[in-house]
Amino acid sequence: MKKKINKPTSLSKFKGKFATLSNTLNKNDIIVDQGGHMATTLDILQPDLFSQVFKYSPIGMALLSDEGKMLQINTSLCQTIGYSEAEILGMTLQDITHPDDLDHASPISNHFVDSTMDCYQIEKCFIHKNGSSVRVLLVITCIRDESRQPLFFISQIKDITERKLAEEDLKAKTEQLQSFIENNADAMWVIDVDDFLLEVNPAFEKLFGWSAEEVKNRKLPIIPNFLKDSIEEIHQGIKVGETVIGLETTRQRKDGVLINVEATLSPLRDRNGSVIGITGICRDVTNRKRAEEELKAKTEQLESFIENNADAIVIFNNEGYVQRVNEAFETIFGWSKKEVFNVELHKPPFIPTEYCKEFNLMLEQVKQGQSIIGVETIRGHKNGDVINVVLTASPIVDGKGTQLGWSATLRNITAWKIAQEHLQNSEKLSVAGQLAAGIAHEIRNPITSIKGFIQLMKSGIGEKPKYFDIISSEIERIELILSELLILAKPQTIKFERKDIRVLLSQVMTLLDTQAILNNVEFSAEFKPGATHLYCDENQLKQVFINFIKNSIESMPTGGKITIEINSDNRQQMLIRLIDQGCGIPEDVLSKLGQPFFTTKETGTGLGFMVSKKIIENHAGSVHVESELNKGTIIEITLPVT
């Protein structure tokens, strides 16, 4: 039968009971000690000792009734949950239990129904006075009477909040680490000190083709035979604490294929710092190595292209300072690489003074990301010689599109320019030779007239003043023809002047009028209102029109009409059209016009159209030809209006 004992309300009221209880309880029964462990019943029932332990225990302690009410508490418990002793006395453990733990907060006596159970512990969450949560380890010891019925309870409450937070943090970090390993794109493995595989991640399986089951507890199978000795040496170093980072080496897949990898090997240590294994991480860099090799090959090709190029190449930074020149630059311009490195090319006389403004404009253009293609200009040799060049410049950008500088290619065309001048002069002489027969006939006619009138004057027949007028007119015609012929026969200095195109064409028609008459060809000029003046070299344009009109005359052996039209309505460009009624040009021949030495004439040189086209282009103009067999040809010349 259960023995009823009156529950005292304080520790002092228990003192009268201690002597009786000590006689009935087993002295070796375990209750609890101040470190959170259990002590013997004999020890705890010594009043003075118990009071000292209770009061100064570093963990919270409370005496509880079998209903769970707190009869007495110590200072540590007050500090743990934030209440004063006066506030907490009479409260139960349920009163300070977090709502989430109330389901587990059954009356204390329920846990000690079994008379063989004297101690009970559980982790709980209490609510601090300030509302925060306090994680605790609750240990309750039951003090029983001689019939094993509960008299009262001693509870110990240890704050384990920091430990629990640390455990949760460790758990989270462990999960993160596991996720990092499992989801890492790089292959990872762990081997023990005997080089047997303990763990691999999915990336390892994917990269090397072995499953985890195939390789666990085996030697690492990804080491090629020819590297085993060197890898063994590396492993030995890691086992004594070394770390290898960014090792570029070769590994072998299950199918035997060798791949380039970048590996990092680190020692795996236990909690005492002793090396117990090796962790390895590697990534496949085969594509990167291939790209590096391709880049290296392209770089070598580019280096070869720059150094072995026949054209001078100059590389500038964004400020216009030379960073590099090739051998052709040294050969063409006479300056060595050392002399021009990091020098702004305004300083040496590489760019003539009159072309410095042009250079600055080009520099600004390239800085804005634009390219310059095929511009004819002048540069200077170290010895002061003038060199004609064709300049091509373009910006240099990196992979992100950021401009790093610009490069310029300069082709020496001095010899070509001289050859062009000789070619033009030769073409003039050729044209003059072809015109000689017609001009001679034209000159012979007025000379014959002059001779006849002189004879009449000697004989006294007729009116002499009238004869003098005719003779004077014929002599003027001879002078006009000869002056035009001399223009073609001797080289002329190129000189751009403002000229009236109508006057220039009239002079050409006068020169070719004889040949036109001999071929029964009629000239028709249609000059529409508008701008009539061009900034040009008169002699060169005359040569162009003579070439084109002569071709038109020769294309009409049975006669016809040549129409010359001038139109400049837009005030920006002048359009000159030469329209004939000749035999026309076949389509396959039309596409070859302008090629050197290509001609359809038996005695032609094939240079006339090429030279004429080049002259027009030098005047910033263009030439367009349309033709239809047996109907005629239209030559359109476009020139800028001054």
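One-based numbering along the sequence shown. Computed from a predicted model, the values in this text were never measured in an experiment.
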Chemist: side-chain contact (heavy atoms from CB on, under 4.5 Å), that's the test. Do Ile160 and Glu123 meet it? Break it down for me.
Modeler: CA-CA 9 Å; Ile160 59 171; Glu123 289 185 5; 3.9 Å; yes
Chemist: Hey, does the side chain of Asn130 reach the backbone of Ser132 with a donor-acceptor pair shorter than 3.5 angstrom?
Modeler: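 Yes; judged by distance alone, with no hydrogens or angles, the pair exists.
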Chemist: Do Asn309 and Asn326 make a side-chain contact, defined as non-hydrogen atoms from C-beta onward lying under 4.5 Å apart?
Modeler: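 Yes, at least one pair of side-chain atoms sits under 4.5 Å.
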Chemist: Can you find a side-chain donor-acceptor pair between Ser179 and Glu182 that sits under 3.5 Å?
Modeler: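 No, no side-chain donor-acceptor pair sits under 3.5 Å.
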Chemist: Taking Gln403's backbone N and O only, do any of them form a donor-acceptor pair with Asn318's side chain (distance below 3.5 Å, no angle check)?
Modeler: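 Yes.
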Chemist: How far apart are the closest heavy atoms of Thr243 and Ser266, and which atoms are they?
Modeler: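 For Thr243 versus Ser266, the nearest heavy atoms are CG2-OG, 3.7 Å.
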Chemist: Any side-chain heavy-atom pair from Ser65 and Thr92 closer than 4.5 angstrom?
Modeler: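 When only atoms from C-beta onward are counted, Thr92 and Ser65 do not touch, as no gap falls below 4.5 Å.
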Chemist: Does Arg251 form a salt bridge (charged side-chain N to carboxylate O under 4.0 Å, His left out) with Glu262? I'd like the steps, not just the answer.
Modeler: CA-CA 10 Å; Arg251 292 293 179 262; Glu262 184 179 82; over 6 Å; no
Chemist: Can you name the nearest heavy-atom pair linking His128 to Thr80, along with the distance?
Modeler: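 Minimum heavy-atom contact is CD2-O, 3.3 Å.
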Chemist: Around Lys337, counting heavy atoms of other residues, nucleotides and ligands shown, do more than 12 lie under 6.0 Å from its NZ?
Modeler: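 Buried by this count: over 12 neighbours within 6.0 Å.
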Chemist: Which pair of non-hydrogen atoms, one from Leu207 and one from Ala187, has the smallest distance, and what is that distance?
Modeler: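 It is CD2-CB, 3.9 Å.
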Chemist: Any salt bridge between Glu330 and Lys382, counting N to O under 4.0 Å?
Modeler: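 Looking at Lys382 together with Glu330, the answer is no, because their closest N to O distance does not fall below 4.0 Å.
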Chemist: Decide yes or no on side-chain contact (heavy atoms from CB on, under 4.5 Å) for His381 and Ile332, but give the supporting numbers first.
Modeler: CA-CA 7 Å; His381 192 277; Ile332 295 173; over 6 Å; no
Chemist: For Leu265 and Thr279, what are the C-alpha separation, side-chain angles and deciding distance, and is it a side-chain contact (heavy atoms from CB on, under 4.5 Å)?
Modeler: CA-CA 6 Å; Leu265 305 174; Thr279 60; over 6 Å; no
Chemist: Verify the distance criterion only: is there a donor paired with an acceptor across the side chains of Glu339 and Ser336 at less than 3.5 Å?
Modeler: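 Yes, Ser336 and Glu339 have a side-chain donor paired with an acceptor closer than 3.5 Å.
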Chemist: Could you pull out the closest heavy-atom pair between Ile127 and Pro99, with the gap in Å?
Modeler: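 What the structure gives for the nearest pair is CD1-CD, 3.5 Å.
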Chemist: Using a cut-off of 6.0 Å, state whether more than 12 heavy atoms not belonging to Arg324 lie near its atom CZ.
Modeler: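 Counting neighbours around CZ of Arg324, more than 12 heavy atoms of other residues, nucleotides or ligands fall under 6.0 Å, so yes.
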Chemist: So, the side chain of Asp270 versus the backbone of Asn272: is there a donor-acceptor pair under 3.5 Å, distance only?
Modeler: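 Between the backbone of Asn272 and the side chain of Asp270 there is a qualifying donor-acceptor contact (under 3.5 Å).
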Chemist: Taking all non-hydrogen atoms of both residues, which atom of Lys254 and which atom of Gly209 are closest, and how far apart?
Modeler: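 Answer, listing the atom of Lys254 first, then Gly209: CD-O, 3.4 Å.
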Chemist: Decide yes or no on side chain to side chain donor-acceptor pair (under 3.5 Å) for Asp101 and Thr97, but give the supporting numbers first.
Modeler: CA-CA 6 Å; Asp101 278 357; Thr97 298; over 6 Å; no
Chemist: Quick check against the 3.5 Å criterion: does Ser57 have a side-chain atom that pairs as donor or acceptor with the backbone of Phe54?
Modeler: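 Looks like no, no N/O pair under 3.5 Å.
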Chemist: Could you check Lys296, Arg288, Glu294 and say which one makes a side-chain contact (heavy atoms from CB on, under 4.5 Å) with Glu292?
Modeler: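 Output: one option passes, namely Arg288.
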Chemist: Would you sort out whether Thr161 and Asp159 count as a side chain to side chain donor-acceptor pair (under 3.5 Å), showing the intermediate values?
Modeler: CA-CA 6 Å; Thr161 303; Asp159 187 351; 2.7 Å; yes
Chemist: Can you sort out the partners of Lys219 under salt bridge (Lys or Arg N to Asp or Glu O under 4.0 Å), two or more places apart, ordered by chain and number?
Modeler: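 Counting only residues at least two positions away or on another chain, Lys219 forms no salt bridge (Lys or Arg N to Asp or Glu O under 4.0 Å).
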Chemist: Of all the heavy-atom pairs spanning Ala62 and Met70, show the shortest one and how long it is.
Modeler: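 Closest pair (atom of Ala62, atom of Met70, distance): CB-CG, 4.2 Å.
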Chemist: Give the C-alpha distance, both sets of side-chain angles, the deciding distance and a yes or no for salt bridge (charged side-chain N to carboxylate O under 4.0 Å, His left out) between Lys239 and Asp192.
Modeler: CA-CA 10 Å; Lys239 290 173 186 177; Asp192 60 21; over 6 Å; no
Chemist: Begin with the C-alpha distance, continue with both residues' side-chain angles, and end with the deciding distance and a verdict on side-chain contact (heavy atoms from CB on, under 4.5 Å) for Phe341 and Val322.
Modeler: CA-CA 5 Å; Phe341 175 71; Val322 178; 5.8 Å; no
Chemist: Consider only side-chain N and O atoms of Thr286 and Asp284, and report whether a donor and an acceptor are under 3.5 Å apart.
Modeler: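 Present: a donor and an acceptor within the cut-off.
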Chemist: Between the side chains of Ser84 and Glu87, is a donor N or O closer than 3.5 angstrom to an acceptor N or O?
Modeler: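 Indeed, the side chains of Ser84 and Glu87 share at least one donor-acceptor pair under 3.5 Å.
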Chemist: Taking atom CZ of Phe153 and atom CG of Leu63, what is their separation to the nearest 0.5 Å?
Modeler: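 Reported value, rounded in 0.5 Å steps: 11.5 Å.
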Chemist: Kindly state whether the ring of Phe350 and the ring of Phe333 have centres lying under 6.0 angstrom apart.
Modeler: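 For Phe350 and Phe333, the ring centres are under 6.0 Å apart.
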